[in-house]
Amino acid sequence: MTTKTQDAWQPAPARPSLTEGEVHVWRVSLEQTPEVYEALWQTLSSDERARAERFRFEKDRTRFVVARGALRSILSRYVGLHPARLSFAYGAQGKPELAGLTTHSTLRFNLSHAGAAALCAVTEGREIGVDVEFIREDFASMEIAERFFSPREVAALQELPQQARTRAFFNCWTRKEAYIKALGEGLSCPLDSFAVSLAEEDAATLLWSAAGAGEVERWTMKSLAVGADYAAAVAVEGKAEPFRLWLWQS
């Protein structure tokens, strides 16, 4: 299943609610004032603070704190708890989920950040993954594509004119990553066991899976417009409609 890109990022409601089939994607700027940074730092758990302290560069540490703090802020709006009271459990491949809740136990979410941008995708009762990447022309080589993409994706990339390949490369990368994150299997899912669309004019789609046609039909993908320097996509289990695109503010 596919959906077209939409650019309608809207101011977020204070108390968002999810209807059946709905997906919310939140866009977060990781460049925040010192006051916002400090407020978000105060909501983090001890292990999140320890992770932040391990970053060598202050910019990376700051962006991690803002991303994790914003995630807590976003999820708190759905569950009605203070951000600092939220706790997380992690799957075998590190995928997080809310822990210790007697309600909202079916809330599913995923976080990705790159450069100065972060995305958080939220839905109810089915798996979801999101990915955003900063576009780097020096990284988008055919050598890397042949290493990480399926033969079908490599062939599609080679057919494109040279000037379209960098964007297509990152379209492919983010769509594959969003799908893998939704599965929660990490790199245990072979990267050549499925194929996604990648041309800029094509809607984000899971085109083929070694698991069969049923697996293709089981997922909805959507590309997300974050800015000229970024590529982004979300993958969600089942039919997803509508998508709500929110701008996060503290």
Side-chain angles (χ1 to χ4, degrees), residues 1-9 23 25-31 59-60 63-64 67 93-95 110-121 128-183 185-187 189-209 216 219-236 240 243 245 247:
M1 288 181 280
T2 67
T3 62
K4 292 285 188 180
T5 301
Q6 294 179 351
D7 300 334
W9 298 93
V23 173
V25 183
W26 296 69
R27 179 178 172 181
V28 179
S29 171
L30 299 182
E31 296 180 344
K59 180 175 69 173
D60 296 330
R63 289 176 171 178
F64 172 82
Q93 300 296 328
K95 186 177 183 180
N110 201 234
L111 174 71
S112 179
H113 56 94
L119 295 175
C120 176
I128 192 166
V130 69
D131 189 56
V132 58
E133 301 290 342
F134 187 79
I135 293 175
R136 291 173 44 200
E137 189 168 354
D138 63 325
F139 185 76
S141 68
M142 289 304 303
E143 180 181 358
I144 292 177
E146 289 169 357
R147 180 179 176 186
F148 291 105
F149 296 173
S150 71
R152 179 170 177 172
E153 291 161 340
V154 171
L157 192 63
Q158 289 174 326
E159 290 176 0
L160 294 174
Q162 187 64 42
Q163 65 271 21
R165 287 185 184 176
T166 297
R167 170 64 67 171
F169 176 99
F170 281 98
N171 285 343
C172 187
W173 188 282
T174 54
R175 293 166 192 181
K176 289 178 80 70
E177 185 71 14
Y179 174 64
I180 289 174
K181 291 176 72 177
L183 289 175
E185 297 179 2
L187 293 179
C189 176
L191 293 171
D192 61 356
S193 68
F194 65 97
V196 299
S197 60
L198 50 79
E200 186 66 8
E201 64 271 16
D202 294 338
T205 313
L206 180 61
L207 296 172
W208 168 82
S209 169
V216 172
W219 296 91
T220 296
M221 283 189 175
K222 178 180 174 61
S223 56
L224 302 162
V226 179
D229 293 332
Y230 295 89
V234 60
V236 60
F243 281 84
L245 306 182
L247 291 169

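Hydrogens, waters and symmetry mates are skipped; everything else that's a heavy atom, side chains included, is used.
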Next item on the list: Measure across K181 and S112 and return the closest heavy-atom pair with its distance rounded to 0.1 Å.
Entry: NZ-CB, 3.6 Å

Item checked: Ring centroid separation Y230 to F170 under 6.0 Å -> no

Next item on the list: Output the distance between atom CD (E153) and atom CG (D192), rounded to the nearest 0.5 Å.
Entry: 9.5 Å

Item checked: Closest non-hydrogen atom pair between D131 and A178, with its separation -> CB-N, 4.0 Å

Margin query: Minimum heavy-atom separation for A232 and L119, please, with both atom names.
Written below: CB-CD1, 3.6 Å

Check: Between W173 and F139, is any pair of side-chain heavy atoms under 4.5 Å apart?
Finding: yes

Item checked: Nearest heavy atoms of A117 and L30, plus distance in Å -> O-CD1, 3.8 Å

Note to self: Measuring only between side-chain heavy atoms, which start at C-beta, is E137 closer than 4.5 Å to R165?
What the structure shows: no

Notebook entry, point to check: With ring centroids as reference points, do W219 and F194 lie under 6.0 angstrom apart?
Noted result: no

Item checked: Derivation and outcome, side chain to side chain contact (heavy atoms under 4.5 Å, CB included), residues I128 and V234 -> CA-CA 7 Å; I128 192 166; V234 60; 3.9 Å; yes

Next item on the list: Heavy atoms only: give me the nearest G129-A182 pair and the separation to one decimal.
Entry: N-CB, 3.4 Å

Margin query: Contact between V25 and L224 at the side-chain level, heavy atoms closer than 4.5 Å - yes or no?
Written below: yes

Item checked: Nearest non-hydrogen partners of A235 and M221, listed with the distance -> CB-CG, 4.2 Å

Item checked: For R27, the option from L245, V226, V132 that meets side-chain contact (heavy atoms from CB on, under 4.5 Å) -> V226

Check: If you measure from NE2 on H113 to CZ on F134, what distance do you get to the nearest 0.5 Å?
Finding: 15.5 Å

Check: Between S197 (side chain) and T205 (backbone), is there a donor-acceptor pair under 3.5 Å?
Finding: yes

Note to self: Would you say that L206 contacts Y179 through its side chain, given a criterion of any heavy-atom pair below 4.5 Å between the two side chains?
What the structure shows: yes

Item checked: Heavy-atom check, side chain of E185 versus side chain of I180, under 4.5 Å -> no

Notebook entry, point to check: Could you give the distance from CD1 (I135) to CG (N171), rounded to the nearest 0.5 Å?
Noted result: 7.5 Å

Notebook entry, point to check: Got a second to check how far R167's CZ is from L160's CG, nearest 0.5 Å?
Noted result: 13.0 Å

Check: Do any N or O atoms from the side chain of W208 and from the backbone of R152 form a donor-acceptor pair under 3.5 angstrom?
Finding: no

Item checked: Spacing of CG belonging to L198 relative to CG belonging to L157, to within rounding of 0.5 Å -> 6.0 Å

Next item on the list: Test V130 against every option in V236, L111, N110, T174 by the side-chain contact (heavy atoms from CB on, under 4.5 Å) rule and name the one that passes.
Entry: N110

Checklist line | Gap separating the SG atom of C172 from the CD atom of E177, nearest 0.5 angstrom | finding: 11.5 Å

Margin query: Looking at R63 and E31, is there a salt bridge between them, counting it only when a charged N and a carboxylate O are closer than 4.0 Å?
Written below: yes

Checklist line | F148 six-ring centre to K176 NZ/CZ under 6.0 Å and within 45° of normal | finding: no

